[in-house]
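Quick note: residue numbers are just sequence positions, from 1. What's counted below: heavy atoms across the whole structure, side chains too, no hydrogens, waters or symmetry copies.
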Amino acid sequence: ITNEQKAKDYIENFYRPHYTQHGYGAYLVELKDRKIPIGMCRLISRDWNDAPDLGFALIPEFMGLGYAFEISKAMLDYAKSELKFKFIYSFTEPENISSIKLIEKLGMKFIKVFGLTNDRDDLLLYKSDLT
């Protein structure tokens, strides 16, 4: 996604239908006190997996400040208490050290290396037991 229109199209064509179908999806993350949007956190169900996966993205200036952990932890709590999921996945690229550290800090355990698309077969898959 390289511009605002592509982002809008992606939200309308992927995230909105997912939310309508499953009742959960991507959520805006904003600073509580100033109502400034700083990123998103999402749960997405995929045909090839038996549970949704957790993802997060922040505007670069808000990375490394603890927000990603806070929103991801809140999403895991929501997935457990409200959605009643037994477990959640997350995946990242092997070179994304900060995401790996965050995923592990959330208590997720490494499962395997896998491919999400034909051109990317080295993603790291993690799993969180919510029981």
Donor-acceptor under 3.5 Å (H22 side chain, I44 main chain) = no
Applying a strict under-4.5 Å side-chain criterion to I, L, V, M, F, W and Y, I'd like to know whether [X] and [Y] cluster together.
X: Y15; Y: I38; result: no
X: V113; Y: I111; result: no
X: F14; Y: M75; result: no
X: F69; Y: I59; result: yes
X: V29; Y: F62; result: yes

Looking only at heavy atoms, which two atoms of [X] and [Y] are closest? And how far apart?
X: G25; Y: Y19; result: N-CD1, 3.5 Å
X: L130; Y: A79; result: CD1-CB, 4.0 Å
X: S99; Y: T92; result: CB-OG1, 3.5 Å

Is the number of heavy atoms from other residues, nucleotides or ligands under 6.0 Å of D47 CG greater than 12?
-> no
Might you confirm whether atom CD of E4 has over 12 heavy atoms from other residues, nucleotides or ligands at distances under 6.0 Å?
-> no
Could you check S72 against L102 for side-chain contact (heavy atoms from CB on, under 4.5 Å), going step by step and ending with a plain yes or no?
-> CA-CA 9 Å; S72 297; L102 173 69; 4.1 Å; yes
Quick one: are [X] and [Y] in side-chain contact, heavy atoms under 4.5 Å?
X: E82; Y: Y24; result: no
X: L123; Y: E93; result: yes
X: E104; Y: K101; result: no
X: D53; Y: R42; result: yes
X: Y27; Y: I71; result: no
X: L43; Y: L83; result: yes

Does the pair F85 and L76 meet the rule for a side-chain contact (heavy atoms from CB on, under 4.5 Å), with working shown?
-> CA-CA 9 Å; F85 290 131; L76 288 176; over 6 Å; no
Mind checking the [atom1]-[atom2] spacing from [X] to [Y]? Nearest 0.5 Å is all I need.
X: E95; Y: I100; atom1: CD; atom2: CD1; result: 8.0 Å
X: L125; Y: N49; atom1: CG; atom2: CG; result: 6.5 Å
X: L58; Y: M40; atom1: CG; atom2: CE; result: 9.0 Å
X: K86; Y: K127; atom1: NZ; atom2: NZ; result: 12.5 Å

For E12, enumerate each residue passing the side chain to side chain donor-acceptor pair (under 3.5 Å) test, keeping only those at least two apart in sequence or located in another chain.
-> R16
Aromatic plane relationship, Y89 with F87 - under 30° parallel, 30 to 60° tilted, over 60° perpendicular = perpendicular
Take I88 and M108 through the test side-chain contact (heavy atoms from CB on, under 4.5 Å) and record every step on the way to the result.
-> CA-CA 9 Å; I88 295 290; M108 300 183 99; 4.3 Å; yes
Any chance you could lay out the side-chain contact (heavy atoms from CB on, under 4.5 Å) test for L106 and L54, step after step, and finish with the verdict?
-> CA-CA 11 Å; L106 289 166; L54 170 73; 4.1 Å; yes
Quick one: which of F114, F56, Y126, F110 gives a ring-ring contact (aromatic ring centres under 6.0 Å, His included) with F91?
-> F114
